[in-house]
S.K.: 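One structure, pasted below without further comment.
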Amino acid sequence: MSKVRVRFAPSPTGGLHLGGVRTVLYNYLFAKKHGGDFIVRVEDTDQSRFVKGAEEYIFECLAWCGINADESVIVGGDFAPYRQSERKELYKKYAEQLVAAGQAYYAFDTPEEIETMRENRKAEGNGSLQYDAAVRMKMKNSLSLMPEETKAFLDAGKPYVIRIKVNENESVTFTDLVRGELHFENVNVDDKVLMKADGMPTYHLAVVVDDFLMKITHAFRGEEWLPSAPVHIMLWQHLFGLDNMPKWAHLPLILKPDGNGKLSKRDGDRLGFPVYAMDWTDPKTNEITKGFKELGFLPEAFLNMLAMLGWNPGSEQEIFSLDELVEAFTIERVNKGGAKFDYEKAKWYNHQWIQKLPIANYQKLVKEIFEEKGIEINNSVYFEKILNLVKGRCTLLPDFYEQASFFFRAPINWDIEAVKPKWTSEKKDFFNCFIDKIKQLETFTAETIETLFKELATEKNIKPGELQLPMRIMLVGAKFGPAVFEIAAILEKEETILRIEKALQIFEI
Ligand code: GLU
C-alpha cells in the first residue's frame with residue numbers, strides 16, 4: 001500500500017466549529033496510526049466567502065490543539081502551494097480536458113437567464129429547480145448551441161462557466177469506510193459548475209484535482225459533503241481513474257444536545273456553550289464568539305471529548321491522550337449516526353484532565369487568569385501547592401480563581417448569616433485563646449493546628465465541628481474550599497491570626 005496521506009481542507013470563512021476540529025482529529029489519528037502524512041490545504045477559491053484572518057485563526061486553533069501538519073501553507077512541503085488560490089492556473093487544463101472529452105461544457109447563461117429557468121421549472125410544478133439534463137438543451141451552452149455560435153461567443157469574450165455534464169440515466173456507487181456501499185441516481189445530481197466566470201475553479205473541481213496531485217489516499221470529511229460526493233466521483237472517473245481515488249469516509253454530524261439537527265454556532269449562543277475551538281472575532285461586525293480555549297478548556301480534554309463524539313474504542317475507557325488515541329483509533333469504529341453534543345460531558349472531560357495533568361502543564365494559564373484579576377503571583381512553588389489543593393474542585397481553568405483567590409486576598413465580605421445564629425461568647429472566647437495558643441506553635445502545619453484546635457475545643461467543652469464552620473468563614477469568607485486546617489497552614493501563622501482577629505470584630509456586630 002502506498003504511504004497514507006490525508007488532508008484537512010478548510011475554507012477560511014469564519015470560526016472553526018468543533019465538528020471541523022473533529023475532522024482534523026480523525027484525519028490526523030488515522031495518518032499517525034499508519035505512519036502517514038497529515039496535510040492542511042486551504043480551499044479559498046470562493047472569493048466571495050473569503051474572510052480576513054480566518055486562515056491564520058485556523059492554524060492557531062490547530063497549534064492550540066497540538067496538532068501539527070506535515071505539509072501546509074505554514075510548513076510547506078513537496079506539493080506546494082497548499083493554498084488553492086495560488087494554484088489557480090493549474091485547474092483550467094483539467095476543465096478543458098473534460099470539455100474536449102464531452103464530459104463538461106461551456107455555459108453562457110446570465111444569472112437572469114438561470115433565474116428565469118428556475119421560475120419556469122417552478123411554474124411547471126417541477127420538484128427540482130436545478131440546471132441539469134432536463135433543462136440543459138433549453139439553455140445557452142456549448143451542447144445546445146451550434147459549434148459556430150459557441151466559437152463566436154468565446155471569441156467575443158462572452159463570460160462563461162464550465163459545467164460537468166451529468167448523464168441522467170447513470171448512477172454512482174462507491175464504498176464509504178463509515179457507511180458502507182452508497183448508491184446515488186444521477187437524475188438527482190445537477191450539472192455543477194466546475195470553473196467560474198472569473199477563471200477560478202469551484203471547490204468541486206479543485207478538491208478532486210488537488211487530492212490527485214497531492215497523492216491523497218484517504219479523504220475523511222463531514223457528512224454534509226455526502227451530496228457532493230457523486231460529482232467528485234464522476235470527476236475522478238473522468239480525469240484520473242477510480243483506482244487512484246482516495247478512500248472516502250463521511251463523518252457523522254455533531255448534533256444539537258436534543259438531537260434535533262446539526263449543532264450550529266447559534267445553538268451555542270442560545271444555550272450558553274462554545275461551539276468554536278477558540279474565540280473568533282468577526283472582522284465585519286467585531287462580534288466575538290467564545291471558544292473552548294478561552295473558556296478554560298485544556299486542549300487534551302477538548303480533543304478527548306471530540307474523539308468520543310462519533311467514535312468509540314470498543315471498551316469502557318473514556319480518557320485518552322492524543323498518543324493513546326493514535327494507538328486506539330480505527331475508522332471502522334466511527335459511528336454512522338450523528339453524535340449529540342453534551343456540554344456537561346465536555347466539562348467532565350476537562351475536570352478529569354485537570355486532575356490527570358501535572359499542574360505545571362497549565363500553571364501559566366491559571367497565573368494569567370489571576371493576574372488579569374489583579375493578583376500578582378510571585379512565588380510559583382507556593383502557587384503550585386495551592387492549585388494542587390483546590391484542583392479537585394475545578395472544572396474550567398477560571399474555577400481556580402474562584403476556588404483559590406482567597407489565599408491571596410483576605411475576605412472583605414463574610415457569610416455572617418452562616419455563623420451568627422450559633423455564635424456565642426464561648427465561641428468567641430475559644431478563638432481568642434486559639435490565637436494565643438497558635439502564636440506559640442513552633443511548627444505550623446495542618447496537623448499541628450488541628451491537634452491544637454481539637455484539644456482546646458475539648459478543654460472548652462465545645463464540639464470541634466461547631467467551630468470549624470466559623471473558622472472557615474474567618475479564613476475564606478464563605479462556605480467552600482479545602483480542609484480548613486490545610487488552608488490555615490498555607491496562609492501561615494501571621495495571616496491566619498490576622499484573619500481570625502478581623503473576623504472576630506465583624507462577628508461582634
Ligand atoms: N473545503 C471543504 C470545507 O470547507 C472541504 C470538504 C472536503 O474535505 O472535501 O469543508
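Atoms within a ligand are numbered from 1 in the order they appear, just like the ligands themselves. Predicted model, so just to flag it, every value in this text is computed and none were measured. Nothing fancy with the numbering, it's 1 onward along the sequence.
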S.K.: Kindly print each ligand 1 N/O atom paired with any protein N/O atom under 3.5 angstrom away, one pair per line, or none if nothing qualifies.
M.R.:
residue  : atom   : partner : partner atom : Å
ligand 1 : 1 (N)  : Ala9    : O            : 2.7
ligand 1 : 1 (N)  : Ser11   : OG           : 3.1
ligand 1 : 1 (N)  : Glu43   : OE1          : 2.6
ligand 1 : 4 (O)  : Ser11   : N            : 3.3
ligand 1 : 4 (O)  : Ser11   : OG           : 3.1
ligand 1 : 8 (O)  : Arg7    : NH1          : 2.7
ligand 1 : 9 (O)  : Arg7    : NH2          : 3.1
ligand 1 : 9 (O)  : Tyr203  : OH           : 2.7
ligand 1 : 9 (O)  : Arg221  : NH1          : 3.0
ligand 1 : 10 (O) : Trp225  : NE1          : 3.4

S.K.: For Asn335 and Trp311, does a side-chain donor sit closer than 3.5 Å to a side-chain acceptor?
M.R.: no
S.K.: Evaluate the ring planes of Trp225 and Tyr203, with Trp represented by its six-membered ring, and classify them as parallel (under 30°), tilted (30 to 60°) or perpendicular (over 60°).
M.R.: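 Trp225 and Tyr203: tilted rings.
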S.K.: Can you confirm whether the side chains of Tyr160 and Asn141 place a donor and an acceptor under 3.5 Å from each other?
M.R.: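 Per modelled atom types, Tyr160 and Asn141 side chains form no pair under 3.5 Å.
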S.K.: Does a side chain donor of either Tyr131 or Asp109 reach within less than 3.5 Å of an acceptor in the other side chain?
M.R.: yes
S.K.: For the residue pair Tyr362 and Phe400, categorise the inter-ring angle as parallel (less than 30°), tilted (30 to 60°) or perpendicular (more than 60°).
M.R.: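 Tilted.
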S.K.: Got a donor-acceptor contact below 3.5 angstrom from the Asn244 side chain to the Phe240 backbone?
M.R.: yes
